[in-house]
Amino acid sequence: MVRRDLEMKVLMINSVSGYGSTGSICEDIATVLEKQGHKCYIAYGQLFTSYPKSFKIGTKLENHIHNIGSRILGTQGYFSRNGTKNLISYIENVKPDIIHLHNLHGNYLNLKVLFEYLISSQIPIVWTLHDCWAFTGKCSHFTDVQCFKWKTHCYECPQVKAYPPSLFFDKSREMYDDKKKWFTDISKMTIIPVSKWLESEVKQSFLKKYPIKSIYNWVDHSIFKENIDQEFITKYKINVDKFNIILVSAGWNITDVKWIDALKLSTIIQDSMQILMIGNVSSPELLPKNITHISYLDGKEELAKAYSIADVYVHLSTEDTFGKVIAEAISCGTPAIVYNSTACPEIIDESCGYVAEKRNVVQIFDSILRIKEKKRTSFSEHCRKRVIEKFDLDTNVNSTINIYEKMLENVS
């Protein structure tokens, strides 16, 4: 195996750096690598970053043109040619030992230009899959519409207008062919799905030819820990005498199943209960009185305070390849209730929450009553233990680094 006292250069490519779930994951890996004496570079396509060894792919104008072109022509990843060529020049300058791919969708890369270079360069590739986009003709998730054409060949996509959206044309057949050709011509690649559920799906796709090793995403449990903060309670006027049910999402849209189920839940909870809804709401005027809305929390520490005052976290998403917010909640000692859908049931066990049938809000409520009867404190220690055992940052990042080392050992 490659010795850890030998410097290793890793270049990560992702849509963002230091922002959101995948951007934080990239910078977590980079931090651990640098502490171990390695060098890590992050090439990103959108927004901005404070990470010092970073490279912005393309310009705002290129991103904008890519977005428009993708929507009008129905093809994602066929624009941003100049930005991608500049990325290749950056790669040749850095000379990485490993290239670690993350989310390649998001209107910032020309896939043909990038993969022709990756194929010819023979640099070992690690690809963490945070969703299903890499092995479908278009979509990043498919379970809600129950479409499994990707197992053989995509066509007549039922989610043409869903992310990444196309206004007019269904190009799923052509994109499936192109992605299959580009992505399966890499000579040395290891796939890292972020859950066992996603691993099982990848093994049924055209990526099954590669080594596949699932590694869970992680939680910084030094931040996500129980923290009852009176100033937080006062600021957001939270009634701690009530049984608090917390819901968390980046956004709540009235057409989304999460919003629909949240409103259903609000109609059946007891008067002694209240719902804390965290995240931007498109129509806050439609919220009932028993839902307290907090549109934005600045930083992980503030989110940990919100989890800590809740008696239960309810996860209403139905398409998660991991479910990081579930892990964050139980890290703060808060039991969770999730739907029996995709990877969500993997995050908890019977000691730290319950699993309900998909979209069965009555079962959600029944589970809430069970937690209320047992009390939050009877779950908290088990919740915390599960996160430390399964979703520890250092452990899971080092599992990723071990994959780099094994690949370089095979190369040498």
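No experiment lies behind these values; they were computed from the predicted model shown.
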Inspect the contact between Lys112 and Asp178 and indicate whether a charged nitrogen and a carboxylate oxygen are less than 4.0 angstrom apart.
no

Tell me if the centroids of the rings in Tyr404 and His100 come within less than 6.0 Å of each other.
yes

Backbone N/O of Gly251 and side chain of Asn280: donor-acceptor pair under 3.5 Å:
no

Side-chain donor/acceptor of Lys138 to backbone N/O of Pro164, under 3.5 Å
yes

Under a 3.5 Å threshold, yes or no: a donor from one side chain and an acceptor from the other, between Glu174 and Thr75?
no

Should Leu118 and Ile99 count as side-chain neighbours, where that means a heavy-atom distance under 4.5 Å?
yes

Is the distance between the ring centroids of His153 and Tyr155 under 6.0 Å?
no

Can Lys203 and Glu199 be counted as an ion pair, charged N to O under 4.0 angstrom?
yes

Under a 3.5 Å threshold, yes or no: a donor from one side chain and an acceptor from the other, between Tyr19 and Gln46?
no

Check ion pair Arg386-Asp349 (N to O, under 4.0 angstrom):
yes

Exactly one of Trp133, Trp150, Tyr163 should register a ring-ring contact (aromatic ring centres under 6.0 Å, His included) with Phe142. Which one does?
Trp150

Using distance alone, with no hydrogens and no angle criterion, decide if Glu62 and Asn82 have a side-chain donor and acceptor under 3.5 Å apart.
no

Taken to the nearest 0.5 Å, the spacing of Leu33 CG from Glu7 CD works out to 11.0 Å

Lys372 and Gln270: side-chain donor and acceptor closer than 3.5 Å?
yes

Taking the ring of Phe55 and the ring of Tyr41, is the distance between their centroids below 6.0 Å?
no

Taking the six-membered ring where the residue is Trp, are the ring centres of Phe322 and His130 under 6.0 Å apart?
no

Any side-chain donor-acceptor pair under 3.5 Å between His141 and Asp131?
no

Hey, is the main chain of Ser15 close enough, under 3.5 Å, to the side chain of Tyr108 for a donor-acceptor pair?
yes

Are Asp261 and Tyr339 packed together at the side-chain level, in the sense that at least one heavy-atom pair is separated by less than 4.5 angstrom?
yes

Both conditions, 6.0 Å and 45 degrees, for the charged tip of Lys390 above the ring of Tyr216: are they met here?
no

Determine whether Met273 and Leu369 make a side-chain contact, defined as any pair of heavy atoms from C-beta on separated by less than 4.5 Å.
yes

Face-on cation placement of Lys235 at Phe232 ring, 6.0 Å and 45° thresholds
no

Do the side-chain N and O atoms of Tyr307 and Asn227 include a donor-acceptor pair separated by under 3.5 angstrom?
no

Can you find a pair of side-chain heavy atoms, one from Met407 and one from Val126, that are under 4.5 Å apart?
yes

If you define the side chain from C-beta out and look only at heavy atoms, does anything of Val281 sit under 4.5 Å from Trp259?
yes

Residue pair Gln76 / Ser166, side-chain donor-acceptor N/O under 3.5 Å
no

Measuring only between side-chain heavy atoms, which start at C-beta, is Ile192 closer than 4.5 Å to Ile403?
yes

Member of Glu226, Arg384, Arg376 meeting the side-chain hydrogen bond (donor to acceptor under 3.5 Å, both in side chains) criterion with Thr334:
Arg376

Note, Ile42 side chain near Glu27 side chain (heavy atom, < 4.5 Å):
yes

Taking the side chain from Gln159 and the backbone from Val145, do they hold a donor-acceptor pair closer than 3.5 Å?
no

Classify the ring geometry of Tyr354 against Phe379: parallel below 30°, tilted from 30° to 60°, perpendicular beyond 60°.
perpendicular

Is a side-chain N or O of Ser70 found less than 3.5 angstrom from the main chain of His66, in a donor-acceptor match?
no

Given the side-chain rings of Phe206 and Tyr176, with only the six-membered ring counted for Trp, is the space between their centroids under 6.0 Å?
yes

Asn244 and Gln274: side-chain donor and acceptor closer than 3.5 Å?
yes

